[in-house]
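Step one of this worksheet: look at the structure below.
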Amino acid sequence: MNIHFYRNCTMKIAYGGKTFLVDPMFRPAGKTHELAPTLYPEKGPLADLPCAPEEIVEGIDAVLLTHMHPGHFDQEAADLIPKDLPFYVQNLNDKDLVRKYGMKKTQTIDMTLWTHFDDIRIIRVTGRHGDGPIQHVLNTMQNSSGILLEKDGEKTVFFTGDTVWCSGMLDGLGANPDVIIAYLGYAHGEGMHITMGTDDLQKILDKCPKAKVVCVHMDTFENQELTRDKLRNWASLNGVTDRLIIPENGERFEI
């Protein structure tokens, strides 16, 4: 499969004859988002996209959104994505929000039955967007989900989404994915961590020893403690460099 990583967790993945756009966030560096803040006022992306956003939407067949948050979807992306493309979201709340941006073919991803996009199977697993009491988390951060892609004859791919270690992670990893897109950053706020760090990454590596892990969701917002440089150093010290892909903004790679 081919992946073109742009920034944060915005990427295109060519999979099973289709091209998916994942978590599209297109606004330029420093532009504040139009949605209400969650844990803290964000100042917008710390880096610009590595190319014109018009290039990103070229050739896409569908969109995957792990959750509705300004770091994952924004008005700039909505303006450029064709409104009649299949747009897969985690729940009815996100479906309603995305439809307000004009998307006509929004569809929720089932957690118990495969959702089909032609012969590609898509399933959702739960995430936990913070390690505090769950109700507190839900009141302050919109929850997130992981997404599995599967097709006969293709590698299974698992996007963790924004989460800490939880039962949903075990569900996703239990599908024995060949490729894991790990949303890291070790972001924190209000006395809790809201995305995974290196301890969680080690659990992923231990659980799926044959998987290639693509590490994203770093170096985009100022509240993230884990950077790509820190992760590369950790990987070297722990002897796992060959198991990880830590892409720079704009990098293309093949698995």
Side-chain angles (χ1 to χ4, degrees), residues 1-16 20 22-23 47 50 64 66 72 120-129 131 144-188 193-220 224-255:
M1 71 188 69
N2 292 286
I3 297 176
H4 193 170
F5 174 75
Y6 295 101
R7 177 184 62 181
N8 202 39
C9 43
T10 300
M11 69 193 85
K12 283 199 299 194
I13 175 170
Y15 182 84
F20 292 91
V22 183
D23 286 346
L64 300 174
T66 58
H72 299 252
I120 297 172
R121 299 181 291 275
I122 310 170
I123 201 166
R124 178 169 68 92
V125 300
T126 58
R128 181 173 171 138
H129 207 340
D131 55 11
S144 179
S145 293
I147 297 173
L148 281 160
L149 295 181
E150 186 177 279
K151 180 182 175 180
D152 294 343
E154 298 283 349
K155 293 175 171 62
T156 296
V157 183
F158 174 41
F159 298 85
T160 69
D162 284 9
T163 187
V164 294
W165 192 260
C166 65
S167 60
M169 282 292 297
L170 293 174
D171 291 338
L173 299 176
N176 296 315
D178 303 284
V179 179
I180 300 164
I181 315 292
Y183 287 37
L184 304 174
Y186 208 44
H188 54 84
H193 282 96
I194 57 179
T195 55
M196 294 186 291
T198 53
D199 288 348
D200 306 295
L201 177 57
Q202 186 61 62
K203 293 177 183 178
I204 291 173
L205 295 171
D206 293 342
K207 186 70 176 177
C208 295
K210 295 182 179 180
K212 181 70 77 172
V213 181
V214 181
C215 303
V216 301
H217 202 261
M218 292 172 284
D219 298 329
T220 307
Q224 292 177 327
E225 185 174 322
L226 180 62
T227 65
R228 282 177 281 207
D229 285 343
K230 288 181 179 178
L231 181 58
R232 291 188 184 101
N233 183 60
W234 175 88
S236 178
L237 291 173
N238 288 272
V240 295
T241 300
D242 61 336
R243 295 197 54 198
L244 305 181
I245 296 174
I246 308 172
E248 292 295 335
N249 294 354
E251 185 174 343
R252 300 173 187 258
F253 53 95
E254 183 178 282
I255 301 175

Under the 3.5 angstrom rule, does the side chain of [X] hit a backbone N or O of [Y] as a donor-acceptor pair?
{"X": "Arg121", "Y": "Leu149", "answer": "no"}
{"X": "Asp178", "Y": "Thr156", "answer": "yes"}
{"X": "His217", "Y": "Leu184", "answer": "yes"}
{"X": "Ser145", "Y": "Gly127", "answer": "no"}
{"X": "Tyr15", "Y": "Val157", "answer": "no"}
{"X": "Thr227", "Y": "Lys230", "answer": "yes"}

So, for [X] and [Y], which heavy atoms are closest and what is the spacing to 0.1 Å?
{"X": "Arg228", "Y": "Pro247", "value": "NH1-O, 2.9 Å"}
{"X": "Phe5", "Y": "Glu248", "value": "CD2-O, 3.4 Å"}
{"X": "Pro177", "Y": "Ala211", "value": "O-CB, 3.4 Å"}
{"X": "Leu226", "Y": "Met218", "value": "O-CG, 3.4 Å"}
{"X": "His72", "Y": "Thr66", "value": "ND1-OG1, 3.5 Å"}
{"X": "Leu244", "Y": "Cys215", "value": "CD2-SG, 4.1 Å"}

Please test Ile13 against Leu64 for side chain to side chain contact (heavy atoms under 4.5 Å, CB included), starting from the C-alpha separation and ending with a verdict.
CA-CA 10 Å; Ile13 175 170; Leu64 300 174; 5.5 Å; no
How about [X] and [Y]: do any of their side-chain heavy atoms sit closer than 4.5 Å?
{"X": "Thr160", "Y": "Met196", "result": "yes"}
{"X": "Asp206", "Y": "Ile204", "result": "no"}
{"X": "Leu148", "Y": "Asp171", "result": "no"}

In plain terms, say whether Asp229 and Arg232 are close enough for a salt bridge, that is, a side-chain N and a carboxylate O under 4.0 Å apart.
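Counted as a salt bridge, because a side-chain N and a carboxylate O are separated by less than 4.0 Å.
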Is the closest basic N to carboxylate O distance between Arg7 and Asp219 below 4.0 Å?
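Result for this pair is no, no salt bridge flagged.
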For Tyr6, is the OH atom crowded, meaning more than 12 foreign heavy atoms sit under 6.0 Å from it?
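More than 12 heavy atoms, drawn from other residues, nucleotides or ligands, come within 6.0 Å of this atom.
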More than 12 heavy atoms of other residues, nucleotides or ligands under 6.0 Å from NZ of Lys151: yes or no?
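Yes, because the 6.0 Å sphere around NZ of Lys151 holds more than 12 heavy atoms from other groups.
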Just checking His129 against His193, ring centres under 6.0 Å apart?
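That pair fails the under 6.0 Å test.
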Rounded to the nearest 0.5 Å, how far apart are [atom1] of [X] and [atom2] of [Y]?
{"X": "Leu205", "Y": "Lys212", "atom1": "CG", "atom2": "NZ", "result": "10.5 Å"}
{"X": "Ile194", "Y": "Tyr186", "atom1": "CD1", "atom2": "OH", "result": "12.0 Å"}
{"X": "Ile246", "Y": "Thr241", "atom1": "CD1", "atom2": "OG1", "result": "7.0 Å"}
{"X": "Asn249", "Y": "Thr220", "atom1": "CG", "atom2": "OG1", "result": "6.0 Å"}
{"X": "Ile122", "Y": "Phe159", "atom1": "CD1", "atom2": "CZ", "result": "10.0 Å"}

What do the steps show when you test Trp165 against Lys203 for side chain to side chain contact (heavy atoms under 4.5 Å, CB included), and what is the final call?
CA-CA 9 Å; Trp165 192 260; Lys203 293 177 183 178; 3.6 Å; yes
As a quick check of understanding, evaluate side chain to side chain contact (heavy atoms under 4.5 Å, CB included) for Glu154 and Met1, giving each step before the final call.
CA-CA 9 Å; Glu154 298 283 349; Met1 71 188 69; 5.7 Å; no
Is a side-chain donor-acceptor pair under 3.5 Å present for [Y] with [X]?
{"X": "Tyr183", "Y": "Asp23", "value": "yes"}
{"X": "Thr195", "Y": "Asp162", "value": "no"}
{"X": "Asn238", "Y": "Arg243", "value": "no"}
{"X": "Glu251", "Y": "His4", "value": "no"}

If the test is side-chain contact (heavy atoms from CB on, under 4.5 Å), which one of Leu173, Ile180, Asn176 qualifies with Lys207?
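So, applying the side-chain contact (heavy atoms from CB on, under 4.5 Å) to Lys207 and each of Leu173, Ile180, Asn176, only Leu173 qualifies.
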Just do the side chain to side chain contact (heavy atoms under 4.5 Å, CB included) check on Val179 and Phe158 with the steps written out, would you?
CA-CA 6 Å; Val179 179; Phe158 174 41; over 6 Å; no
